[in-house]
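Before any comments, here is the structure.
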Amino acid sequence: MATPLIQMALDSLDFDATVALAEQVADSVDIFEIGTPCIKHNGVNLVKELRARFPNHLLLVDLKTMDAGEYEATPFYAAGADICTVLGVSGLATCTGVIKAANAHGAEAQIDLINVDDKAACARACAEAGAQIVGVHTGLDAQAAGHTPFNDLALIADLGLSVRVSVAGGINQSTVQDVVRAGADIIVVGAAIYGAASPAEAAREIRELVDAA
Ligand SMILES: O=C(CO)[C@H](O)[C@H](O)COP(=O)(O)O
């Protein structure tokens, strides 16, 4: 199995702080995620800025699209996004719209399974529709209520679908090797890096743990 990719979630609202944080952790991560609050606050110009500064990193825009999939995602792919996210709860028509926009730009669509009741059925349907990535995701509010993504990751990874599986939701130094072993292809880390005293050092630790798993 290939070494999983590490995705750093940039969840600040501040444009300059987001760019500065990306600079600090760039050596240790593969994908920059522009988090949902961040992209809503800063818009497509932040995609262009990160694309220009980091031509060799993948760029995920966490749109969490809920409707008008193709229309909403198209300008972000055009600005340089490699991956945009769409909510599985939006339904297949919206997911298919984002997949269509991704394909038109030689890019990828990620279906976020957050709050989907039947995650296996949604993942299967979206894989059949051509999605490249499904995201197992315990959001920040669900984390605050004590939830974790680990059981859902095992469920989705064990389906053996022809999509990559991403996992997000409070992953940190003590759990990152477990999610590698559970079959995650993309590991998302936000607070464990940006909330650390040294984000650069925390990102290095995560990299070493993933590489050693
Ligand atoms: O998409 C998100 C919230 O909806 C976060 O970016 C994602 O959960 C990663 O952050 P953390 O590691 O802090 O959970």
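In each ligand, atom 1 is the first atom listed, and ligand 1 is the first ligand listed.
The pair D118-R124 does not count as a salt bridge, with every side-chain nitrogen at least 4.0 angstrom from each carboxylate oxygen. Ion pairing between a basic and an acidic side chain is recognised when a charged N comes within 4.0 Å of a carboxylate O; R207 and D30 show such pairing.
The part of A9 lying near ligand 1 is the side chain, judged by heavy-atom distances below 4.0 Å. Neither the backbone nor the side chain of T36 comes within 4.0 Å of ligand 1, counting heavy atoms alone. Contacts between I114 and ligand 1, counted as non-hydrogen atom pairs separated by less than 4.0 Å, are absent for every part of the residue.
Compare E33, K64, M8 by their heavy atoms: the one nearest to atom 4 (O) of ligand 1 is in K64.
When hydrogens are left out, the protein atom nearest atom 13 (O) of ligand 1 is A191 N, 2.9 Å; that is the closest non-hydrogen contact. Atom 12 (O) of ligand 1 has G190 N, 2.8 Å as its closest protein atom, hydrogens excluded (heavy atom only). The protein non-hydrogen atom at the shortest distance from atom 5 (C) of ligand 1 is D11 OD2, 3.5 Å. Atom 7 (C) of ligand 1 has H137 NE2, 3.9 Å as its closest protein atom, hydrogens excluded (heavy atom only).
Ligand 1 lies out of reach of A192, whose nearest heavy atom is not under 4.0 Å from it. Taking a 4.0 Å cut-off on heavy atoms, G169 registers as neighbouring ligand 1.
Closest approach of A123 and I156 over heavy atoms only: CB-CD1, 4.1 Å.
For the atom pair R53 CZ and L59 CG, the distance stands at 13.0 Å (nearest 0.5 Å).
Distances between N or O atoms of T138 and those of ligand 1 include no value under 3.5 Å. Considering backbone and side-chain atoms together, A168 places no N or O closer than 3.5 Å to any N or O of ligand 1. For ligand 1, the polar-atom distance check finds no N/O of V188 at less than 3.5 Å from any of the ligand's N/O atoms. Residue contacts with ligand 1: V189 is placed with no nitrogen or oxygen under 3.5 Å of a nitrogen or oxygen of the ligand (distance criterion only).
With hydrophobic clusters built from ILVMFWY side chains whose heavy atoms lie under 4.5 angstrom apart, I31 does not share a cluster with V98. Hydrophobic clustering keeps L60 apart from I99 (ILVMFWY residues linked when any side-chain heavy atoms are closer than 4.5 Å, directly or through intermediates).
Inspection of the Q143 and T138 side chains reveals no N or O donor paired with an N or O acceptor under 3.5 Å. There is a side-chain donor-acceptor pair under 3.5 Å between N172 and T175. If you check the side chains of T85 and D112, you find no donor sitting under 3.5 Å from an acceptor.
Every atom of ligand 1 is numbered from 1 in the order shown, and the set under 4.0 Å from a heavy atom of D62 is 1 (O).
Each of I111, L113, I133, V163 was evaluated against C126; a single residue qualifies, I111, per the side chain to side chain contact (heavy atoms under 4.5 Å, CB included) test.
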